[in-house]
Amino acid sequence: MWKNGLINSIKDPNLQIISSEIAVVIKDKYPKAKYHFLVLPREDISSIFNLTREHLPILDELRLLATNAIEISGEKEKHFNIGFHAIPSMTRLHLHVISRDFNSPCLKTKKHWNSFNTKLFLDYDDLYKELKLKGTIQRIDLTLAKELENTPLNCNQCNFVAKTVPNLKEHLLKHIE
DNA sequence: GTTCTAGAAC
DNA sequence: GTTCTAGAAC
């Protein structure tokens, strides 16, 4: 089943960037930017909705490995989005670590873009705070989710609004030196 | 999550 | 006529 793809990827040493006793960093199979890593716990936590306060130390570890992976890439951490999808498709909790260029042939749809550039993307710090405060992560409202998926294609680096996905991708190239 | 592709949009 | 999006996949 495709939903289990990530769990198989963890086991493949060829895909691993770095790992610890607690978690593993792999390259996303379909990277949506120049750098796109996933940080997954070894513990079988299926998604953000299964998290409790007991897992806060694991989140700390995921965040630490995210920083390590970025260091290996040679880029600056401020050029990355670090967080979780509010509506994950694949099982096994995974922290996205993605460079803000979004320059990749695998970025193809409006939903792809909006999943990283609207409230469909939960910043690590915000999720961490919610978990600490409430002890659980609230599921996003389905109607709101649909609205967010259909948000106009706003550039993440200026106030340009693209008409189509190819139009956005062409525009994003201007922000790359 | 992706692939495929019908038909909408241009 | 070509580009682009969006829904089914048994």
Side-chain angles (χ1 to χ4, degrees), chain A residues 1-19 23-51 55 58-59 62 65-66 69-70 73 80-124 127 137-156 158 160-175:
Chain A
M1 186 57 174
W2 62 264
K3 280 187 182 253
N4 295 320
L6 292 178
I7 293 173
N8 297 323
S9 297
I10 301 173
K11 297 169 190 163
D12 186 348
N14 297 328
L15 297 177
Q16 286 188 22
I17 307 283
I18 41 173
S19 69
V24 177
V25 184
I26 61 173
K27 283 187 179 181
D28 192 295
K29 192 176 175 186
Y30 299 91
K32 305 302 187 296
K34 184 177 180 185
Y35 299 104
H36 188 181
F37 310 120
L38 302 177
V39 192
L40 308 91
R42 291 190 192 276
E43 186 178 328
D44 187 16
I45 305 165
S46 55
S47 81
I48 53 173
F49 307 118
N50 300 91
L51 291 169
H55 296 115
I58 291 181
L59 290 184
L62 299 186
L65 285 180
I70 293 168
S73 81
F80 281 76
N81 284 359
I82 301 175
F84 301 88
H85 278 149
I87 306 175
S89 294
M90 304 184 85
T91 195
R92 182 59 58 91
L93 177 73
H94 53 285
L95 177 64
H96 286 272
V97 181
I98 185 166
S99 56
R100 295 214 175 99
D101 53 88
F102 290 96
N103 179 26
S104 166
C106 298
L107 180 72
K108 294 176 177 174
T109 68
K110 178 179 263 190
K111 189 175 172 180
H112 284 155
W113 177 255
N114 284 334
S115 75
F116 289 105
N117 293 287
T118 68
K119 291 286 177 60
L120 289 170
F121 192 79
L122 307 175
D123 275 314
Y124 173 88
L127 179 133
I137 300 301
Q138 188 71 43
R139 240 173 237 280
I140 188 173
D141 177 74
L142 195 65
T143 308
L144 174 61
K146 287 295 172 197
E147 282 177 19
L148 290 170
E149 283 177 7
N150 286 299
T151 301
L153 297 165
N154 299 302
C155 177
N156 62 337
C158 71
F160 177 76
V161 184
K163 290 185 182 67
T164 66
V165 173
N167 181 218
L168 173 66
K169 289 168 69 79
E170 184 188 19
H171 169 82
L172 287 170
L173 295 176
K174 294 179 188 171
H175 290 298

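- Here A/His36 and A/Phe116 bring their ring centres to under 6.0 angstrom of each other.
- Considering all non-hydrogen atoms of both residues, A/Gly83 and A/Phe121 come closest at N-CZ, 3.2 Å.
- When the P atom of C/dT3 is taken as reference, atom CG of A/Leu168 falls 19 Å away, rounded to whole Å.
- Heavy atoms of A/Lys163 sit nowhere under 4.0 angstrom from any nucleic acid atom.
- For A/Lys29 and B/dT2, the shortest distance from a side-chain N or O to OP1 or OP2 is not below 4.0 Å.
- Distance CD (A/Glu149) to C1' (C/dA6): 11 Å, rounded to an integer number of Å.
- Going from atom CG of A/Asn167 over to atom P of C/dT5 covers 9 Å, rounded to whole Å.
- Remark: C/dT3 base-pairs with B/dA8. Criterion, Watson-Crick or G-U wobble with two distances under 3.5 Å.
- Between A/Trp113 and the choices A/Val165, A/Thr151, A/Asn156, the side-chain contact (heavy atoms from CB on, under 4.5 Å) rule is met once, by A/Asn156.
- In this structure, CE of A/Met90 is placed 9 Å from C1' of B/dT2, rounded to the nearest angstrom.
- Among the heavy atoms of the strands, none lies under 4.0 Å from A/Lys111.
- Side-chain contact check for A/Ser9 and A/Asp12: no donor-acceptor pair (N or O, by modelled atom type) lies under 3.5 Å.
- Side-chain contact check for A/Ser46 and A/Asn50: at least one donor-acceptor pair (N or O, by modelled atom type) lies under 3.5 Å.
- A/Lys3 has no side-chain polar atom (N or O) that falls below the 4.0 Å cut-off from OP1 or OP2 of B/dT2.
- Here the side chain of A/Thr164 is nearest to one of C/dC4, B/dG1, B/dT3, namely C/dC4.
- Phosphate proximity of B/dG1 to A/His112: absent, as no side-chain N or O sits under 4.0 Å from OP1 or OP2.
- Atom CG in A/Asn150 sits about 7 Å away from atom P in C/dA6, given to the nearest Å.
- One interatomic measurement links the two molecules: CG of A/Asp28 to P of B/dT2, which rounds to 8 Å at whole-angstrom precision.
- At the heavy-atom level, A/Pro88 lies nowhere under 4.0 Å from the strands shown.
- Taking atom NE2 of A/His94 as the reference point, atom P of B/dG1 lies 7 Å away to the nearest angstrom.
- Look at CG on A/Leu153: it is 10 Å from P on C/dA6, rounded to the nearest Å.
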